[in-house]
Structure formats: C-alpha cells, structure tokens
There are 2 protein chains.
Amino acid sequence: MKATLQPGLTNRLTKYLRTTQQLIEEGRDAVSSKELGEYTGINPVQVRRDLNAIDFSGTRGVGYQAHDLVEAVRNILGLRQTYNLALVGAGNLGAAIASSAMLPKRGFIIHDVFDNDPKKIGRTVGNVVVKHIDELEKSVAEADEIIGIIATPASAAQEVAERMVKAGIKVILNYTDVLLHVPPGIETHRIDPTAQLMHTLYYLTQVEEEEKSERE
Amino acid sequence: MKATLQPGLTNRLTKYLRTTQQLIEEGRDAVSSKELGEYTGINPVQVRRDLNAIDFSGTRGVGYQAHDLVEAVRNILGLRQTYNLALVGAGNLGAAIASSAMLPKRGFIIHDVFDNDPKKIGRTVGNVVVKHIDELEKSVAEADEIIGIIATPASAAQEVAERMVKAGIKVILNYTDVLLHVPPGIETHRIDPTAQLMHTLYYLTQVEEEEKSERE
DNA sequence: AGATGTGAATACGTTCACAGCC
DNA sequence: GGCTGTGAACGTATTCACATCT
C-alpha cells in the first residue's frame, strides 16, 4: 500500500508543481531549489528535503529536470486524470473563470455552467452553453462531477452549496465571502484575496516601523 | 517597541478575523475555538493558544466575544486603516472584482481601474471610471496606492507588473497564472484556485483507495 | 454540560553548516 | 562555482489529557 503523505508535504508539492509548470512555459529546462524557494516562499533546504522524500533526485551544480519533476509530483499526488467541474453563476466572475485557460491547463474542465437568470440561459461562456440551475443534479450525475465552483452573488451562495451537495458534489470552491455550512465529508475552499493581503501588509508596516525607530 | 509576531501566528489570526467577521454577519455574538477550528481547518487547541498569545481571553462555557475578537485582532495586525488599490484589467474578471463587496468590507478600496483598450476607457465598473493604463503612475502617486491587482489576460501580466513597480506599487495580487518577475522588496501573490483543489483531491482519492483496500 | 486555559510529549518545519558531486 | 544532499540543533505546531471556570 502506498503511504499517505503528510498534509504539509503535499501542500508544498502542489506549489512546486505549479511553479515548475510555469517555468517550463517560459522555456526553462532545469530548476534549482533556490528558485523554487523564491517563487513559493519555501526555504530551499525544505524544497530539497521534500523532493528527496518523494525519491526525486536532481543533479548537483544544475538543479532538477523541470519536466521530470512535474511528472514525478503528478504521479505522487495522483493528478493524472482530468476532472469535470460544475460552475454556478454566469455573471462577470463566472464568465471570467469559464474563459480562463488556467483550470483546463491543470486538468480541470469547466464542463457545465449554470445560472437562474432566464436571460443568461442559452448564452455561451467559455466553450459551454449556460443551463438552468435546475439541471444541476442531472449534469453532475452524467459528467461525474465531484467539484463545484460558486461564482454567484453572496446572497445565493448557501443555497447553491446545498443544491451542489444534494447533487453529489464533494468539493466546493467558493468565490463569495460567505461561510458555507455543509455536511461533514464535503470540503469547501474560499477564494479570499484579502487573506494574503492582510498577512503581507502586517510585515510591510512592521518593516516601516522598524525603520522609523532606527532613525530615532 | 511592539514585538513582531511569528508568520504562522499572523497568518492564522487573519483566518480567525475573516471567519469571525462572517459569523458576525450571520448574527452571531460569541464564537468558540471549536467553531473557528472547523471553519479555518486549524486545531481548536491551537486557536485558544493563539488568542492567548495576543492576550485575548474568552469566557468558559461560552466562547469568545465575536466583536471584541475582531477588534483585538485588527489592532494587533495593524489593520485599522483602509488601503486604496489600483486594478488593471477591465474585462469580466476586473469588473467582477471591482463590483464585489468583499474587498471594501475589509478595508480595501478599488480606487482606480485601468485598461489599454480604448473601447473600455470611460466605462464604469463598480463605482469607478476606467482610465487608460498610461495614467497608472499618476493615480498611484495621487491616491497613495501600494497594492495593485492584475486582472488582465496572462500575456499582459508581466508588463503590467513592471509598470506597477515603476509606479510605486509594493504588493501585487496576480489573478493570472504567470510567474511574475519582480525586483526584491516587491511582494506578489497569485490567486490560484487549483492550489486548494489539488491538495484536497489528493486526500479524497487516498480515502477512496483506503476504502477499496479495506473491502479486499 | 460546555467551554477555556495549560502542562507535557511528540511530530513537523526551519535553519546552519558542510560534505559531495557535476 | 554552483547546486544537491544530509546531520544536528532548534523553534514551532499538534495533540492528549485534564484542571478550571460559568
């Protein structure tokens, strides 16, 4: 049996994966632990230890083979298949998510888009035709969707989440700022840009204050 | 001098802050460490230790006063002021970000929106009129903006980042999936929905495989 | 009852220093 | 020279168990 990896480790592996994929797009062939550390905010020593932990070796003086690294991490994390996603909300945000290349590039296909506004039904966003939310359950079953994205106004988020759960969705990506109440076993993730801002601003103002007191 | 808090601690404090703010909106008065733990994914014992570390006490049998908690954390993190942000990209994504109440609610004001498409200049997104990107430098200086959001197509992101840095922006929120190359001292953050998906899916498939081998 | 608060043990992450390889 | 690989020491986080308060 394959051992289950530590949460911290898998979390960091996804960061190396995404960073390395981007560096490959820039034409890079090898990446160093120092670089991965800079882009991910993780200590280079930790990067080397992590890659070691999954039995992936680099070459000294050069770094890690970017392509092999991506393959190794994808294998370890079991990210070889693609996933169909259900997106609810065909407004500006939903349209932006559906048209972006980011998700498909990583194996996540926006397979269905739903809304409750009759004016939006039948329109095309990205490559898919917007359906009425009442068809959610049927589509989820047909396309074997376990991941749902909520890109509705905040006021609709909880209700949409409940319909998703009822339809069989297991993982919900929530672009609104409401706290979703879901049954155990359902994973929710909020996309919250302020999280990183608040954290960064704290250190930014700390540095400013230190500089101020040094001048005194 | 006020001591600088550990990165891990400040990171967790922002999570307590955001969840507690949302619970207040739901009409809640007190919150328990158990609840905060459930919504943030942090162990309840850790929650109590953290609140203890910033000298914030709850009442046994009840929990923590939600409103006081928000105030205490905001004070500790220095999040009492509001920040003006510059948003570049007035497409679907930019419009969605500018119209959302999420940022203003947390003290982040979308003060200026820029684009390079003449058709979009002069339009209103959210509450602000779209300006040409050439005015970035002037606006950043006038409104004292240190935070910028990139909501352009991926192909424009690096160039926009460079213009932001030149204009004096210190923190960049990047909604594209390109790796931004910026000078030291500039903080960048990618909004990457796949990060959390990949991590979650790993554990989801692990659980499935465990169940499978139990049946064997 | 139902929470907070805290000691103690353990696991995990971070950092330094340096050996080893290309 | 530049980067990987790793031992050792340290600091931080996690968890258990239980005393304590309302």
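In what follows, every heavy atom counts, from backbone to side chain, and hydrogens, waters and symmetry copies are set aside.
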- request: Name all residues meeting the side chain to side chain contact (heavy atoms under 4.5 Å, CB included) criterion together with B:Ala90; count only those two or more places apart in sequence or in a different chain, and write none if there are none.
  value: B:Val113, B:Asp115, B:Lys120, B:Val130

message: Name the residue from A:Asp50, A:Ile54, A:Val70 that meets the side-chain contact (heavy atoms from CB on, under 4.5 Å) definition with A:Tyr16.
response: A:Asp50

message: Side chain of B:Arg60 only, heavy atoms from C-beta on: which candidate in D:dA8, D:dG5, C:dG5 is closest?
response: C:dG5

task: For the side chain of B:Arg12, starting at C-beta, report the closest nucleotide among D:dA13, C:dT14, D:dT12.
output: D:dA13

task: Take B:Asp177 and A:Lys105 through the salt bridge (charged side-chain N to carboxylate O under 4.0 Å, His left out) test and state the conclusion after the steps.
output: CA-CA 10 Å; B:Asp177 62 349; A:Lys105 212 193 287 181; 2.7 Å; yes

task: Would you jot down, in residue-number order, the residues of residues 39-47 of chain A having a non-hydrogen atom under 4.0 Å from DNA chain D?
output: A:Val45

query: Once the angle between the rings of A:Tyr39 and B:His181 is folded into 0 to 90°, is it parallel (under 30°), tilted (30 to 60°) or perpendicular (over 60°)?
result: perpendicular

- prompt: Think A:Ser33 has a side-chain N or O under 4.0 angstrom from the OP1 or OP2 of D:dT4?
  reply: yes

message: Without decimals, in angstroms, what is the distance between A:Leu9 CG and D:dA13 P?
response: 18 Å

- request: In plain terms, say whether B:Lys15 and A:Asp192 are close enough for a salt bridge, that is, a side-chain N and a carboxylate O under 4.0 Å apart.
  value: no

query: Please give, in whole Å, the distance from C:dG5 P to B:Asp50 CG?
result: 12 Å

message: Strictly below 4.0 Å: does B:Asn52 bring a side-chain N or O up to OP1 or OP2 of C:dT6?
response: yes

- prompt: Nearest to the side chain of A:Ser57 - C:dT15, C:dA8, D:dG5?
  reply: D:dG5

- prompt: Closest nucleotide of DNA chain C for A:Arg48 versus for A:Thr59: which of these residues is on the 5' side?
  reply: A:Arg48

task: Using whole Å, report how far NZ of A:Lys34 lies from P of C:dC16.
output: 15 Å

message: Tell me whether A:Glu145 is salt-bridged to A:Lys170, with the criterion being a basic N under 4.0 Å from an acidic carboxylate O.
response: no

statement: A:Arg49 has its side chain closest, among D:dG5, C:dT15, D:dT14, to C:dT15

